[in-house]
Chemist: 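Have a look at this one.
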Amino acid sequence: MQEIVNRAKELLADGTVKRVLGWKAGDLPYNPEPAYFEKEEDLEEFVYNGFCGANLSKYMIEASKMEGKTLVFLKPCDTYSFQQLMKEHRVDREKAYIIGVGCKGKLDIERIRRMGIKGIKSIAGANLEDEAETLTIVTLYGEKEVPYKDAMLERCHVCKGKDHMIFDEIIGESKETKDGDRFAEVERIEAMSPEEKFAFFQKELSKCIRCNACRNVCPACSCRKCVFDSNKFDSAQKANVDSFEEKMFHIIRAFHVAGRCTDCGECSRVCPQGIPLHLFNRKFIKDIDELYGEYQAGADLEERGPLTSYQLDDAEPGIVAERS
Amino acid sequence: MTDKKKQAELIREISGVNPLKCMKCGKCSATCPSYNEMDIKPHQFVSYVINEDIESLVKSRSLWKCLSCFACVQRCPRDVKPGKLIDAARQIVERQRGGDYLSPDEIPELLDPEIPQQLLVSAFRRYRR
Amino acid sequence: MYKIKREDLPALFQKIAADQELYLPVSTAGQTNFGVWREEAEVDLDTLKTVKSPKDVFFPQSETLYTCYREGKKLSVEPETLKEQDFVVFGMKACDIKGVEVLDRVFLSDPIDTFYAARRDHGTIVALACHEPEETCFCKVFGVDAAHPAADVAAWMVEDTLYWKPETEKGQKLTEKLADFLEKAEDAGSETAVAEEEEKIRSIMEELPYSHLSLEGWNGDVLMEKFESPLWEELYKPCLACGTCTFVCPTCQCYDIKDYDTGQGVQRYRCWDSCMYSDFTMMAHGNNRTSQKERFRQRFMHKLVYFPANNDGMYSCVGCGRCVEKCPASLNIVKVVKAFQEKEGAKA
Amino acid sequence: MLRIGVFVCHCGSNIAATVDVKKVVEMALHEPGVVHAEDYQYMCSEAGQEKIRAAIQEKHLSGIVVCSCSPRMHENTFRNAAERAGLNPYMVEIANIREHCSWIHKDMEEATEKAVILMRAAVAKVNLNTPLQPGESRVTKRALVIGGGIAGIQTALDIADAGYPVDIVEKTPSIGGRMSQLDKTFPTLDCSACILTPKMVEANAHPNINIYTYSEVEKVSGFVGDFTVDIRKKARSVDMSKCTGCGVCQEKCPSKKTPSEFNRGLNNRSAIYTPFAQAIPNVPVIDREACIKFKTGKCGICSKVCQAGAIDYEQKDEIITEKYGAIVVATGFDMIKLDDYDEYAYSQSKDVITSLELERIMNAAGPTGGHLERLSDGKAPKEIVFIQCVGSRCADNRGKSYCSKICCMYTAKHAMLIRDKYPDVNVTVFYIDVRTPGKNFDEFYRRAVEEYGVNYIKGQVGKVIPQPDGKLLVQGADLLDNKQILKEADMVVLAAAIEPNPDVRKIATMLTASIDTNNFLTEAHAKLRPVESPTAGVFLSGVCQGPKDIPETVSQAGAAAVKAIGLLAKDKLLTNPCTAHSDELLCNGCSQCANVCPYGAITYEEKEVNDHGIREVRRIAVVNEALCQGCGACTVTCPSGAMDLKGFSNRQILAEVDAICR
Amino acid sequence: MSIEAREEFKPKIVAFCCNWCSYAGADLAGSSRLSYSADVKIIRVPCSCRVNPMFILRAFERGADGVIICGCHPGDCHYTSGNYYARRRMTLLFSMLDFIGVENGRTRVEWVSAAEGVKFSQTMHEFVDKITSLGKNVRLEDLRCRKS
């Protein structure tokens with residue numbers, strides 16, 4: 001981490017960048033927040049550890065409007081989002097100095113809480129430099145040990161890989177964390193009967209409080225004004241007054257990001273109600289891969305997205321009925 | 001529904017044929033190997049069904065002269081399949097006699113050396129589709 | 001005081017729910033929120049904090065106000081009826097009850113919100129002391145006693161026994177109704193068990209990292225100074241402008257009134273709004289808070305400055321810590337207070 | 001809110017017999033915004049339009065709904081009526097209560113209920129209509145004719161005579177098409193070449209006509225008045241400017257084993273060839289598949305013998321890009337393949353031939369020098385059987401569902417010519433129906449029977465069985481005599497069905513012209529706009545639109561030319577105002593809309609906007625209204641809903657959905 | 001469902017037809033007097049690519065029981081490529097609806113040319129039968145829109 005801080009200080013000092021976009025240590029062991037640093041001394045508060053899950057690429061939309069370059073730290077998966085945003089002209093590459101940072105999987109405090117751990121006083125083993133495979137958590141109610149892997153975000157179990165798609169330089173090593181099948185859960189649901197599927201999503205979505213955290217954190221949901229905030233389709237909604245609206249919002253949101261979603265998993269990470277929102281996006285990704293050829297949004301700058309291109313012999317919509 | 005109409009309906013149902021599609025080209029009769037043996041000619045089957053005169057069809061000599069070779073079915077440009085119509089008429093007769101469906105197990109028992117090979121071939125043709 | 005074995009609680013719930021609605025923490029797809037008790041519901045009394053506060057029992061996320069029906073060119077209006085049946089909320093925590101107190105200030109002062117008032121009148125609150133407070137809790141800062149919640153009935157879960165103490169007339173009435181299920185617990189052992197539990201809770205509260213947060217300097221007198229502080233410019237930056245903090249908050253009371261065209265008419269409903277949203281308080285001429293910084297500031301200024309200024313010093317934060325847990329950008333009211341403290345401390 | 005008038009048409013009894021129009025009027029008056037409703041016998045009539053005009057003026061209507069036939073019929077009529085009364089024509093919506101309602105439903109109650117709902121949807125939509133103004137686009141005064149048969153030649157001549165330049169693109173090395181393969185023509189028995197060749201020559205010499213033979217249309221973009229077309233001029237390997245057409249190269253060419261396309265493969269041609277003697281241009285092409293020079297690198301005889309030095313083995317395909325205001329499709333037809341009709345032994349016997357092959361055999365320039373003889377043994381036939389409707393009028397998937405229209409007449413012609421030239425030959429025609437509508441057509445057929453003694457038998461042939469002695473046993477039915485006939489013939493001629501040139505599908509796709517399941521191009525209206533494609537600026541000439549004989553083809557060719565001339569005569573066209581437009585406050589500048597726009601109508605500009613007080617420079621989509629054709633692909637791609645389509649806006653369509661689901 | 005109840009169920013079906021092919025195909029069905037159920041109501045759109053998933057969900061929200069989108073055959077789009085985009089969009093949307101447990105027969109895409117009046121009427125027959133067999137749409141309906 002010190003290497004990162006030193007490099008940031010250098011770049012600030014020599015005027016390459018006007019500010020640094022990174023993470024600032026929080027007041028609890030697990031709550032660092034995304035932050036801008038404009039002065040070298042501010043960087044004393046900089047932190048980069050297992051709890052820095054936030055994908056900073058969306059902040060670059062705003063940073064692109066600011067004067068001068070912004071140094072931004074991106075994890076391998078974040079670079080897909082950044083590149084996709086570039087493709088859509090939402091961020092300015094010229095305004096960004098990208099340092100790709102290593103990643104050994106990011107931690108999920110909700111998952112730790114779900115293990116029954118509460119009253120957390122400190123957490124050891126979450127730093128990038130820590131070699132330990134376990135987290136040691138000291139709580140008001142005793143000390144707990146948790147394997148690092150078990151506390152990881154879902155997305156890290158299906159990691160896209162250690163490579164940064166776009167960067168100016170790279171600091172730190174990444175670790176292979178993939179140990180799951182990205183589409184296993186989607187397939188499990190696909191195999192259900194329509195009634196089971198409906199019950200599953202009804203239950204999950206009934207928790208939705210329409211806080212819009214999923215949308216606002218999503219790098220693909222970069223609309224200046226979302227259709228659900230505007231009256232373009234009489235679609236402004238502030239609450240899910242009816243179960244229809246829960247579905248409507250999530251289906252349309254997934255549809256709007258289909259072919260653009262990099263599967264960064266931020267939606268599920270931030271959902272206060274723990275709804276597995278990434279399933280919607282992954283379903284689309286799986287369909288796209290199967291029907292139109294494998295496609296990874298944000299992996300390059302040239303390829304047309306699957307919904308803005310076509311093949312003459314694409315599958316007919318009837319395939320949906322045939323498959324199920 | 002009159003009896004006549006019912007019978008005609010039954011023929012349509014069994015054969016799956018819409019006789020109204022016929023354009024009276026006569027290719028069925030042109031192609032029929034048993035044409036000369038028949039009193040009602042293949043192309044006429046259609047009009048008998050349309051006119052709901054199944055009675056005559058059932059009583060005709062043609063009923064049992066048709067070889068079920070299905071040349072007419074194959075060649076009919078309008079998908080009318082006169083062979084299927086006459087076959088349906090035969091089935092009506094069979095049903096009246098009480099015979100109807102055979103279960104697959106019964107077939108081997110009924111096959112004896114006396115049965116003409118032609119009948120078997122005909123059956124294969126008939127049930128091929 | 002009364003007591004009941006934990007294992008007998010389902011029977012108690014069934015009894016309560018027999019003739020009225022019973023709201024209590026229910027787990028759905030892995031998350032616990034207050035919900036209506038049903039036979040098949042997964043009751044969860046162990047989770048300290050429900051994701052959403054139970055405020056929606058009294059102030060639902062959305063409620064219909066009236067419905068217009070259209071027939072040809074004629075319209076008729078049918079107002080929604082107010083809550084008429086009694087109901088029970090079981091398992092509210094001290095902070096949430098304090099939250100209701102804040103809401104009362106808003107909705108029960110003139111002009112009285114009749115929808116809210118009807119729900120308050122008909123609701124009986126059975127509160128549960130916080131068995132194991134967490135690091136995100138800071139209700140102590142707002143004078144809340146997590147060990148002894150101030151409700152119609154206060155309850156403590158000590159090992160496998162629930163101690164039940166009616167403290168108001170409403171509470172007494174409910175207790176009488178449940179006499180068959182509740183066992184008298186006036187023995188010394190019970191008193192001690194509860195007292196020990198209270199003591200334990202209070203001592204943990206002392207230890208919590210946020211419990212000694214100072215709110216010095218947050219009052220109506222410093223309104224302009226706080227409002228104009230350059231700190232906001234830094235603080236708001238990570239904010240995603242989502243409404244998570246407001247929707248999990250037990251005291252956020254802002255709502256929007258909207259119309260829904262049903263095809264045969266219009267349903268007018270109100271639903272929670274969030275000051276974090278860009279169309280919050282949107283008016284015909286536009287919006288008076290055009291930047292996220294202003295919206296962000298609004299939320300904290302309201303909780304810590306405007307509200308106490310208008311409500312005899314009562315903050316509209318109760319220290320439940322939900323926003324601390326749920327903010328996707330790890331922002332929260334504690335960080336804001338601390339940031340000002342640091343800056344002002346440095347200045348002094 | 002608008003002041004809406006609803007006008008319900010009876011369409012005589014077409015609507016009124018099934019829809020209770022009074023009820024529709026009554027229900028309309030209950031709809032919000034509707035201040036006037038009336039019904040009338042024929043809304044599209046002068047008197048009906050007058051009612052609309054009067055109501056607009058008297059009741060100050062600002063929106064009109066006409067419940068009548070399809071908008072594809074009379075939308076323009078009613079828009080014009082509204083405009084004459086001072087209302088913007090785009091404030092008119094049509095509820096289609098005829099094609100979509102009265103004509104398909106029998107039950108009055110049901111049909112009326114549906115008509116009311118359709119009316120409501122139209123009222124809901126018109127409530128959100130806004131006045132639209134069409135823009136203008138220029139017209140390139142040049143026409144393209146695809147296909148150089150008689151249809152294409154005639155169209156090109158007519159357009160050229162009117163003073164507009166025309167390009168003909170012909171796939172084969174010469175213009176002339178099917179008609180050049182024919183011997184005589186019915187019903188006058190003119191020699192086909194005698195009447196066609198002068199037209200070919202005229203087209204070639206016309207100063208306004210430019211002919212691209214051995215060329216194909218490769219790409220079409222643009223729209224009515226302003227098409228851009230890429231034409232691939234295939235390498236001819238002969239320099240057209242040098243070749244004198246002397247023909248020595250063809251004589252000397254050692255590769256003479258390629259079946260002649262022109263003679264339907266009945267004989268062979270050389271690798272360097274002109275398809276027929278009167279070919280235009282009279283410049284040969286080298287068939288690179290057959291040419292020894294191209295296959296082995298050795299030979300080069302043609303180059304050596306060519307005095308003009310016109311042979312150019314290095315020639316490459318050339319792409320010519322040209323702009324056109326109008327495009328006429330005249331791609332013609334071919335005979336169907338007879339693989340699926342083997343009961344007629346076409347593949348088994350050389351003496352079973354198609355009618356077009358008979359044309360070549362009868363033709364003096366054909367493979368037999370005009371002598372009627374059996375291709376198997378060269379003997380003169382004594383018995384000839386003609387079989388009609390081979391592959392036409394078929395309901396199965398072997399053939400075509402339609403009547404090929406020309407076979408009855410040309411078979412009569414063939415029969416007559418044979419009986420005339422070879423009176424000792426017996427001619428029998430098996431027919432299903434003899435169809436001879438047309439001037440002097442039935443008389444012609446009767447002459448074949450009455451004067452020439454052609455034996456017409458009502459009945460189809462079931463099978464043709466080649467005999468060991470070379471005879472053909474024809475098994476047919478005589479339905480009138482109720483006999484099965486077995487007849488020995490020396491020759492059997494099949495009237496094979498005709499089908500549109502298979503390439504037409506490719507061309508239709510390029511032109512975005514619609515095509516039916518039989519590959520015939522669809523006309524804009526079956527009766528009223530028979531030579532126009534629904535795609536503006538594209539016209540149809542000849543058999544590409546449906547089976548036709550020569551006189552019909554020529555008259556349709558002229559009609560297509562008139563339509564094209566009518567278009568070219570205009571300097572400017574009014575463009576469709578129903579175009580996309582982007583809300584600059586919502587646009588993200590993400591370029592997704594530009595990615596799906598088929599017309600390249602969307603560009604981006606950096607623009608300063610004032611978003612409720614926030615002033616900033618944003619990248620914003622801008623729609624070029626002259627290029628936008630209003631498909632709406634961009635509107636769905638746009639996630640924020642910034643892109644919308646005038647005339648079919650999101651809210652309009654949603655209003656219709658709501659009204660239908662109410 | 002009893003037979004009587006099924007006979008009483010009159011599905012609401014919204015058909016989006018592109019102006020150039022399918023709407024004309026529907027016109028042809030009309031002028032050829034090829035009947036189909038009056039439960040089908042047609043909305044004219046310029047192209048199948050104009051159909052936004054929002055329209056389809058809105059129809060269901062308002063109580064439609066089935067939504068069918070008809071466009072030109074692939075390759076025949078009046079706008080060259082609109083139906084190709086529509087094909088991908090609708091395939092994915094339908095797949096998502098299937099994924100969340102909406103009966104997949106409620107949505108359909110059919111390519112109907114201007115010449116296919118017969119196909120149009122047959123398609124509508126089939127679709128109405130399918131929707132009738134599926135019954136009322138309850139999984140994608142906004143209860144507030146239910147007629148009281």
Side-chain angles (χ1 to χ4, degrees), chain A residues 58 61-62 64-67 81 83-92 95 215 218-237 244 248-249 251-261 281 284 297-298 301-310 312-313, chain D residues 124 127-128 505-506 509-510 581-598 602-612 614-621 633-645 648-659 661:
Chain A
K58 193 177 185 183
I61 297 177
E62 284 306 311
S64 294
K65 295 179 191 164
M66 297 177 192
E67 206 202 315
S81 309
Q83 193 150 260
Q84 183 65 26
L85 283 164
M86 261 179 78
K87 211 171 177 175
E88 293 168 10
H89 308 276
R90 302 292 280 127
V91 295
D92 188 349
K95 290 282 188 72
R215 178 189 79 186
C218 174
C221 270
S222 61
C223 287
R224 292 181 210 279
K225 197 177 179 87
C226 176
V227 279
F228 290 104
D229 286 347
S230 86
N231 262 325
K232 277 279 155 179
F233 291 82
D234 297 329
S235 48
Q237 293 172 4
F244 172 82
M248 171 88 170
F249 175 77
I251 293 171
I252 294 296
R253 199 182 86 76
F255 188 83
H256 281 176
V257 302
R260 303 164 52 233
C261 166
N281 305 320
F284 276 143
L301 284 169
E302 286 75 39
E303 202 182 342
R304 282 270 197 105
L307 278 171
T308 52
S309 60
Y310 60 86
L312 299 184
D313 57 352
Chain D
N127 247 319
L128 297 168
R505 188 155 270 280
K506 211 169 71 198
T509 303
M510 283 192 267
H581 64 103
S582 134
D583 181 334
E584 58 181 32
L585 292 186
L586 291 180
C587 177
N588 298 324
C590 71
S591 283
Q592 293 202 87
C593 52
N595 282 342
V596 298
C597 178
I602 303 174
T603 50
Y604 287 85
E605 58 185 44
E606 299 286 331
K607 193 175 170 193
E608 193 188 89
V609 298
N610 180 352
D611 189 350
H612 300 100
I614 302 169
R615 278 179 191 278
E616 57 183 6
V617 175
R618 291 181 181 174
R619 183 172 193 271
I620 281 165
C634 52
T635 61
V636 182
T637 297
C638 180
S640 67
M643 218 23 122
D644 208 346
L645 188 63
F648 291 96
S649 72
N650 292 326
R651 291 169 137 265
Q652 284 176 312
I653 296 173
L654 290 172
E656 288 179 271
V657 169
D658 289 358
C661 296

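To find a chain, count down the sequence lines: A is the first, B the second, and so on, and within it residues start at 1.
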Chemist: Would you say A:E88 and A:Q84 are linked by a side-chain donor-acceptor pair, where the criterion is simply a distance under 3.5 Å?
Modeler: yes
Chemist: Using non-hydrogen atoms and a 4.5 Å limit, figure out which bit of D:S640 sits close to chain A: side chain, backbone, both or neither.
Modeler: both
Chemist: In terms of relative ring orientation, are D:Y604 and A:H89 parallel, tilted or perpendicular, with 30° and 60° separating the classes?
Modeler: parallel
Chemist: Do D:E608 and D:R615 come close enough that some side-chain heavy atom pair is under 4.5 Å?
Modeler: yes
Chemist: Between D:L585 and chain A, which part of the residue has a heavy atom less than 4.5 Å away: side chain, backbone, both or neither?
Modeler: backbone
Chemist: For A:K65, is the NZ atom crowded, meaning more than 12 foreign heavy atoms sit under 6.0 Å from it?
Modeler: yes
Chemist: Using a strict 4.0 Å threshold on nitrogen-to-oxygen distance, state whether D:E616 and D:R618 make a salt bridge.
Modeler: yes
Chemist: Return yes if some donor-acceptor pair links the side-chain N/O of D:D644 with the main-chain N/O of D:N650 below 3.5 Å, else return no.
Modeler: yes
Chemist: Report the option among A:R224, A:K87, A:R90 that has the most heavy-atom pairs separated by less than 4.5 Å from atoms of chain D.
Modeler: A:R224
Chemist: Taking 4.0 angstrom as the limit, do A:K225 and D:D611 come out as a salt bridge?
Modeler: no
Chemist: Which bit of D:C593 comes within less than 4.5 Å of chain A, counting heavy atoms only: side chain, backbone, both or neither?
Modeler: neither
Chemist: What option among A:S230, A:S309, A:C223, A:G305 has the most heavy-atom pairs under 4.5 Å with chain D?
Modeler: A:C223
Chemist: Taking side chain as everything from C-beta outward and backbone as N, CA, C, O, which of these in A:R304 sits under 4.5 Å from a heavy atom of chain D? Side chain, backbone, both or neither.
Modeler: side chain
Chemist: Tell me, for A:D229 versus chain D, whether the close heavy atoms (under 4.5 Å) come from the side chain, the backbone, both or neither.
Modeler: neither
Chemist: So which residue, D:P639, D:S649, D:G641, ends up with the most heavy-atom pairs under 4.5 Å with chain A?
Modeler: D:P639
Chemist: Which bit of A:R260 is near chain D, if near means a heavy-atom gap under 4.5 Å: side chain, backbone, both or neither?
Modeler: side chain
